[in-house]
Amino acid sequence: MIKVMLVDDDSIVRQGLGSILEAAADIHVVAQAGDGLQAVEAARTLQPDVVLMDIRMPQMDGLTATEMMMSQLADPPKVVMLTTFGQDDYVRSALRAGAAGFLLKDSEPEELIRAIRVVHAGDAMLSPAVTRRLIESYTAVPAVDESTQQALARLTERERQVLGAVARGLSNAEIAQELFMSEGTVKSHISSIFGKLGTTNRVQAALLAHTAGLGGRGAEG
């Protein structure tokens with residue numbers, strides 16, 4: 001059972017999300033919070049697996065709450081930010097803070113449930129087309145700084161192919177099929193990529209890849 005906490009200052013939104021999630025047999029909403037401060041305290045005591053976190057809230061916003069969870073909790077939950085198209089500037093900061101991804105508030109119920117399962121399994125919320133569009137929209141940076149160039153230079157050609165596939169939102173199984181390797185090998189490459197790039201999750205690696213122009217289809221073979 002995946003334990004989920006809902007964090008939003010709108011009680012109607014929380015109720016709606018809760019109804020959707022509780023309809024899934026493998027998901028249980030263990031807590032709700034109306035602001036970031038309540039969320040951090042609830043996460044500390046209830047230890048949810050996944051948190052759906054709003055960005056703009058009173059007392060403490062979702063960005064600060066995410067940063068606190070990542071830095072203060074021994075086993076922090078996977079955080080998925082709830083956003084709208086008008087909040088793009090906030091999302092990049094959230095991902096850098098360690099969020100596992102983000103989801104639009106008006107997403108379809110099946111997409112919401114899938115998001116919970118995907119991040120709980122250790123992947124990032126990169127698969128939905130709308131998510132890829134958002135990532136690409138605020139990583140369209142014209143230049144790559146020197147430290148990023150040096151980090152990318154340490155990647156092998158195979159690691160660059162895997163990173164490009166991660167940036168396109170492919171799962172480990174899909175990457176394995178596309179690049180003709182086992183899922184275990186894919187996981188090994190991703191772990192090496194994280195170490196070389198100084199990233200801690202797939203979203204951060206994908207953001208860096210898009211910035212460096214590695215989001216296109218990689219070479220096969």
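Contact between Arg14 and Ala33 at its shortest, heavy atoms only, is CD-O, 3.5 Å. When every heavy atom of Ala42 is checked against every heavy atom of Met5, the shortest pair comes out as CB-SD, 3.5 Å. When all heavy atoms of Ile193 and Glu159 are compared, the closest pair comes out as CD1-O, 3.3 Å. The two residues Val30 and Leu46 make their nearest non-hydrogen contact at O-CD1, 3.8 Å. Counting all heavy atoms, side chain and backbone alike, Ala99 lies closest to Met81 at CB-CG, 3.9 Å.
Looking at Val7 and Val51, their side chains come closer than 4.5 Å, going by heavy atoms from C-beta outward. With contacts defined as side-chain heavy-atom distances shorter than 4.5 Å, the pair Pro77/Val50 does not qualify. Residues Leu6 and Val29 have side chains in contact (heavy-atom distance under 4.5 Å, counting atoms from C-beta outward).
Atom OG of Ser71 and atom CG of Leu73 lie 8.0 Å apart (nearest 0.5 Å). Here the CG atom belonging to Asn172 is positioned 11.0 Å from the CE atom belonging to Met181, to the nearest 0.5 angstrom. A distance of 9.0 Å separates CG of Leu63 from CE of Met53, quoted to the nearest 0.5 Å. Rounding to the nearest 0.5 angstrom, the gap separating the CD1 atom in Ile55 from the OG1 atom in Thr64 is 11.5 Å. In this structure, CZ on Arg56 lies 14.5 Å from CG on Asp10, to the nearest 0.5 angstrom. Here the CD1 atom belonging to Ile113 is positioned 10.5 Å from the CD atom belonging to Glu22, to the nearest 0.5 angstrom.
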Check step by step if side-chain contact (heavy atoms from CB on, under 4.5 Å) holds for Leu197 and Leu152.
-> CA-CA 7 Å; Leu197 300 184; Leu152 290 168; 4.1 Å; yes
Using the side-chain contact (heavy atoms from CB on, under 4.5 Å) rule, take Lys196 and Thr156 through it: C-alpha gap first, then chi angles, then the decisive distance, then the call.
-> CA-CA 10 Å; Lys196 292 179 179 179; Thr156 66; 4.1 Å; yes
Met68 and Met60: CA distance, side-chain angles, deciding distance, side-chain contact (heavy atoms from CB on, under 4.5 Å) verdict = CA-CA 11 Å; Met68 290 184 66; Met60 180 185 292; 3.3 Å; yes
side-chain contact (heavy atoms from CB on, under 4.5 Å) evaluation trace for Ile116 with Leu52 = CA-CA 9 Å; Ile116 298 297; Leu52 291 184; 3.8 Å; yes
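In this structure, the side chain of Lys3 engages the main chain of Gln47 through a donor-acceptor pair within 3.5 Å. Put simply, the side chain of Thr45 gets close to the backbone of Glu41: a donor and an acceptor are under 3.5 Å apart.
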Review item, side-chain donor-acceptor pairs of residues 182-191, under 3.5 Å, at least two apart:
from: Ser182; atom 1: OG; to: Thr185; atom 2: N; distance (Å): 3.1
from: Ser182; atom 1: OG; to: Thr185; atom 2: OG1; distance (Å): 2.9

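Under the salt bridge (Lys or Arg N to Asp or Glu O under 4.0 Å) criterion, no residue pair touches residues 58-71, with sequence neighbours excluded.
In summary, Glu174 and Arg168 do not engage in a salt bridge, as defined by a charged side-chain N under 4.0 Å from a carboxylate O. The pair Glu111-Arg114 fails the salt-bridge criterion, with no side-chain N (NZ, NE, NH1 or NH2) lying under 4.0 Å from an Asp/Glu carboxylate O. Ionic pairing of Lys78 and Asp49 is not present here: no N-O contact between side-chain nitrogen and carboxylate oxygen is shorter than 4.0 angstrom.
Environment of CD in Gln177: sparse, with no more than 12 heavy atoms of neighbouring residues, nucleotides or ligands closer than 6.0 Å.
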